Amino acid sequence: MNYKEELLKKISFHTAKLGIIGLGYVGLPLGLTFTRKGFTVIGFDVDETKIPVLNAGKSYIKHIKADDIAEAVN
Ligand SMILES: NC(=O)c1ccc[n+]([C@@H]2O[C@H](COP(=O)([O-])OP(=O)(O)OC[C@H]3O[C@@H](n4cnc5c(N)ncnc54)[C@H](O)[C@@H]3O)[C@@H](O)[C@H]2O)c1
């Protein structure tokens with residue numbers, strides 16, 4: 001199986017690991033959407049203040065619920 005086929009298989013079985021660069025208004029909800037679909041998501045952000053907040057299962061964006069962050073982190 002070549003790389004493309006392997007990747008497509010991982011995407012269809014939701015076993016692909018996704019990286020999202022920038023956990024802001026676009027990246028954070030995007031990451032949450034993929035975790036709800038069963039994917040493992042690794043988020044990257046240069047803002048060091050956001051990382052501990054998100055890892056603690058808290059939200060820093062008003063319309064995103066802390067429970068949703070906590071569920072994704074867990
Ligand atoms: N918000 C929108 O409605 C919208 C619409 C169209 C396009 N965009 C584009 O999408 C992108 C993200 O927008 P946003 O609203 O989520 O911005 P945002 O400022 O809310 O989030 C961007 C995040 O990326 C992080 N970041 C910046 N440089 C980084 C790097 N080198 N490595 C890792 N993380 C980094 C920032 O710390 C921040 O947390 C922008 O390019 C924006 O122009 C946004």
Side-chain angles (χ1 to χ4, degrees):
M1 191 182 291
N2 65 32
Y3 182 77
K4 181 184 168 189
E5 288 168 344
E6 205 173 309
L7 181 59
L8 288 174
K9 189 177 162 194
K10 284 180 180 176
I11 291 170
S12 68
F13 285 101
H14 294 200
T15 55
K17 289 191 179 101
L18 303 169
I20 298 203
I21 301 172
L23 299 174
Y25 286 93
V26 172
L28 188 54
L30 183 66
L32 292 176
T33 299
F34 280 118
T35 60
R36 279 189 208 107
K37 294 287 180 187
F39 288 95
T40 297
V41 176
I42 302 171
F44 300 87
D45 204 292
V46 289
D47 184 342
E48 292 179 17
T49 64
K50 290 178 181 167
I51 306 303
V53 172
L54 296 172
N55 278 338
K58 294 176 188 163
S59 179
Y60 71 91
I61 295 177
K62 209 161 54 173
H63 67 273
I64 295 179
K65 288 188 254 161
D67 285 353
D68 292 342
I69 306 277
E71 193 182 333
V73 170
N74 289 332

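Note that the structure is predicted; figures quoted are calculated from it, not measured. Quick note: residue numbers are just sequence positions, from 1. All ligand and atom numbering here is 1-based and tracks the order in the structure.
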Tabulation required: pairs of a nitrogen or oxygen in ligand 1 and a protein nitrogen or oxygen under 3.5 Å; columns are atom names and distance to 0.1 Å; otherwise 'none'.
{"from": "ligand 1", "atom 1": "16 (O)", "to": "Y25", "atom 2": "N", "distance (Å)": "3.0"}
{"from": "ligand 1", "atom 1": "16 (O)", "to": "V26", "atom 2": "N", "distance (Å)": "2.7"}
{"from": "ligand 1", "atom 1": "20 (O)", "to": "Y25", "atom 2": "N", "distance (Å)": "3.0"}
{"from": "ligand 1", "atom 1": "34 (N)", "to": "V46", "atom 2": "N", "distance (Å)": "3.3"}
{"from": "ligand 1", "atom 1": "37 (O)", "to": "D45", "atom 2": "OD1", "distance (Å)": "2.6"}
{"from": "ligand 1", "atom 1": "39 (O)", "to": "D45", "atom 2": "OD1", "distance (Å)": "3.3"}
{"from": "ligand 1", "atom 1": "39 (O)", "to": "D45", "atom 2": "OD2", "distance (Å)": "2.6"}
{"from": "ligand 1", "atom 1": "39 (O)", "to": "K50", "atom 2": "NZ", "distance (Å)": "2.5"}

message = Keeping D45 on the side-chain end and G22 on the backbone end, is there a donor-acceptor pair under 3.5 Å?
response = no
ask   = Has the side chain of S59 got a donor or acceptor atom that lies under 3.5 Å from a matching backbone atom of K65?
value = no
With sequence neighbours excluded, residues passing salt bridge (Lys or Arg N to Asp or Glu O under 4.0 Å) with D47 = K50
query = Which residue pairs pass the salt bridge (charged side-chain N to carboxylate O under 4.0 Å, His left out) test when at least one of the two sits in residues 32-42, sequence neighbours left out?
reply = R36-D68
query = Which residue pairs satisfy the side chain to side chain donor-acceptor pair (under 3.5 Å) criterion with at least one member in residues 3-28, sequence neighbours excluded?
reply = none
query = For the atom pair CD1 (I20) and CZ (F39), what is the distance rounded to the nearest 0.5 Å?
reply = 11.0 Å
